[in-house]
> 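The structure that follows is given in the form of structure tokens.
Owing to the predicted nature of the structure, the values given are computational and were not obtained by experimental measurement. Protein chains get the first letters and strands the later ones, always in sequence-line order, with residue 1 at the start of each.
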Protein chains: 2
Amino acid sequence: MAASEEPGTVRPGGRTARVRAAVLRAAGDALAEHGMDRLDLADVARRAEVGKTTVYRRWGSVPALVTDLLEDMAEQSLPRVETGSLLEDLTANARLVRDTLTDPRQGALFRAVIAAATCDDRTARALHRFYATRIGEWAPCVETAVERGEVPPGTDAHEVIRAVSAPLYYRALMSGDPLDGDSAARAARAAFEAARAGVYVRS
Amino acid sequence: MAASEEPGTVRPGGRTARVRAAVLRAAGDALAEHGMDRLDLADVARRAEVGKTTVYRRWGSVPALVTDLLEDMAEQSLPRVETGSLLEDLTANARLVRDTLTDPRQGALFRAVIAAATCDDRTARALHRFYATRIGEWAPCVETAVERGEVPPGTDAHEVIRAVSAPLYYRALMSGDPLDGDSAARAARAAFEAARAGVYVRS
DNA sequence: CCACTAACGGGTCTGTAGTTCCGTTAGTAT
DNA sequence: ATACTAACGGAACTACAGACCCGTTAGTGG
């Protein structure tokens, strides 16, 4: 008998699922309040009204819990817009990213996850998958823009989408400059102009 | 007598300075090896060949130590180049940032500091000051480019420099995409083209 | 509906990060 | 050169995150 599978895999039904949901929610709350270094699994258990043992058994470490939280977030995909203009699409994306980073709960959560990824390889991989998914969802709007002739053929769609997010994350995490409405518009315009100039054409 | 000043302020001479240097060096080594969450002040003390008590007394917490380390790094300013062309200057800057983030020691250190800043306000402020200084050092090359007529008048020099770094940090910390030579060149070109198109003109 | 056992949960134990105490070393002022 | 005391350092102490044990609850398959 293979026996010791991960707990929660054999009976993923009612209680197990409820516990997972409650713990992830509590972990999100705790992360948003104090950073990820002050995250105490016993505290998460208390908030989730769940036995401390359960949290240690199912997740074991802070990075593991954060990773699971992230994978849960990745599943809740937001619908992507598709206007007729690349600049408008990119601006919509920039606004979405800006709103996420500015939101007290979501923003703190992203900061915490990114911090956790610098310490733990599994979390880092989960984070990379998360962004790969998100970027992949938005890439088509660049591809249709190529077809419309808005940007040169051969433009790397993923690179354009990354270029929109990058300055916003840079402000949020590194430079600390305000993330106002202008930042989002400027990030979108910068990516748009660079793409039009052929900077992102694959060599 | 005001008495209890911070230790190290009254006699900053020989021994105190030596201890500070040894501890900061050891902290850098430890940060580069395992992430900042696995940073143990006792371990730092051991590496620095210094009493554990001293480390706890002078810094007390991981974020405080990281902050001091960062302020120490900020003082060691690298000379900035100034070719006759904005694109070349920006490319030089991009290469510098890329090399820093790719270097095993420096890269790990920056990741750790950024992670620490998400948990601790003092560290965050120190990090923001650090980037403000670095960006301020490079801003003049944009200003001379404005005078030469390479980019429109009213262009926000700081914003251009930030735009060069942002995609590189984004790759290093969030998306996990490789930081190859092309990335640096592309980051510089993107910032350059956006600036030329007037995206960074102050409104 | 019942049996079987996966998964939970309270209580207790342990390793270690961080604190405190007090004697020692070495900057600094005269 | 000497005195004064800031700052260091070893050792013993404390508190708490995380591991473990074992009895209880509730999904799941017949």
Side-chain angles (χ1 to χ4, degrees), chain A residues 1-27 30-31 33-68 112 116 119-120 122, chain B residues 1-27 30-31 33-68 112 116 119-120 122:
Chain A
M1 351 221 145
S4 57
E5 285 295 320
E6 294 283 293
T9 52
V10 180
R11 281 182 187 172
R15 181 169 59 168
T16 300
R18 276 200 306 280
V19 166
R20 189 177 113 105
V23 169
L24 291 187
R25 191 193 161 74
L31 275 182
E33 278 182 35
H34 15 270
M36 84 109 200
D37 66 325
R38 310 238 160 151
L39 189 60
D40 172 16
L41 297 201
D43 177 52
V44 171
R46 219 174 302 126
R47 287 169 188 256
E49 295 181 309
V50 150
K52 166 170 88 145
T53 314
T54 301
V55 178
Y56 279 106
R57 186 171 29 226
R58 292 237 340 236
W59 289 278
S61 73
V62 172
L65 180 55
V66 170
T67 305
D68 197 14
C119 311
D120 183 77
R122 292 172 65 88
Chain B
M1 349 221 145
S4 59
E5 285 294 319
E6 293 283 293
T9 51
V10 180
R11 281 182 188 172
R15 181 169 58 168
T16 300
R18 275 200 306 279
V19 166
R20 188 178 113 105
V23 169
L24 292 188
R25 189 192 162 75
L31 275 182
E33 278 182 37
H34 14 269
M36 85 109 200
D37 66 325
R38 309 235 161 152
L39 188 60
D40 171 16
L41 297 202
D43 176 51
V44 171
R46 219 173 302 125
R47 287 168 188 257
E49 295 181 309
V50 150
K52 168 170 89 144
T53 315
T54 302
V55 178
Y56 279 106
R57 185 172 28 227
R58 292 241 334 240
W59 291 277
S61 73
V62 172
L65 178 56
V66 169
T67 305
D68 198 13
C119 311
D120 183 77
R122 292 172 65 89

> Whole angstrom is fine here: how far is it from CZ in B:R15 over to P in D:dA7?
9 Å
> For a quick check of understanding: with a heavy-atom distance under 4.0 Å over all strands, which category does A:R58 fall into, base, sugar-phosphate or nothing?
sugar-phosphate
> I need the CG-P distance between B:D43 and C:dT16, as an integer number of Å.
13 Å
> With a 4.0 Å cut-off on N to O distance, would you call B:D68 and B:R20 a salt bridge?
yes
> Between B:R20 and A:R18, name the one whose nearest nucleotide on DNA chain D is closer to the 5' end.
B:R20
> To the nearest 0.5 Å, what is the distance between CG (A:L31) and CG (A:L65)?
7.0 Å
> Does A:Y56 put a side-chain nitrogen or oxygen below 4.0 Å from OP1 or OP2 of D:dA19?
no
> From CG of B:L65 over to P of C:dA17, roughly how many Å is that when rounded to an integer?
15 Å
> If I take atom CZ in residue A:R38 and atom P in nucleotide D:dA17, what distance separates them, rounded to the nearest angstrom?
12 Å
> For the pair made of CG in B:L41 and P in C:dG18, what is the distance, rounded to whole Å?
6 Å
> Suppose we call a contact any N or O donor and acceptor under 3.5 Å apart; does that hold for the side chain of A:T53 and the base of C:dG10?
yes
> Are B:R47 and B:E33 close enough, and set up right, to give a salt bridge (Lys or Arg N to Asp or Glu O under 4.0 Å), and what steps lead you there?
CA-CA 13 Å; B:R47 287 168 188 257; B:E33 278 182 37; 3.2 Å; yes
> For the side chain of B:D40, counting heavy atoms from C-beta on, which of C:dA17, D:dA17, C:dG9 is nearest?
C:dA17
> Please give, in whole Å, the distance from D:dA6 P to B:R57 CZ?
12 Å
> Determine whether any donor atom in the side chain of A:K52 lies under 3.5 Å from an acceptor atom in the base of D:dG18, or the reverse, and answer yes or no.
yes
> Counting distance only, does the side-chain N/O of A:T67 pair as donor-acceptor with the main-chain N or O of A:P63 below 3.5 Å?
yes
> Between B:T16 and B:L39, just flag the one whose closest nucleotide in DNA chain C comes earlier from the 5' side.
B:L39
> Mapping A:V19 and B:G60 onto DNA chain C by nearest heavy atom, which one lands closer to the 5' end?
A:V19
> What's the separation between atom CG in A:D120 and atom CZ in B:R38, rounded to the nearest 0.5 Å?
7.0 Å
> Atom CH2 of B:W59 and atom C1' of D:dC8: how far apart are they, to the nearest Å?
11 Å
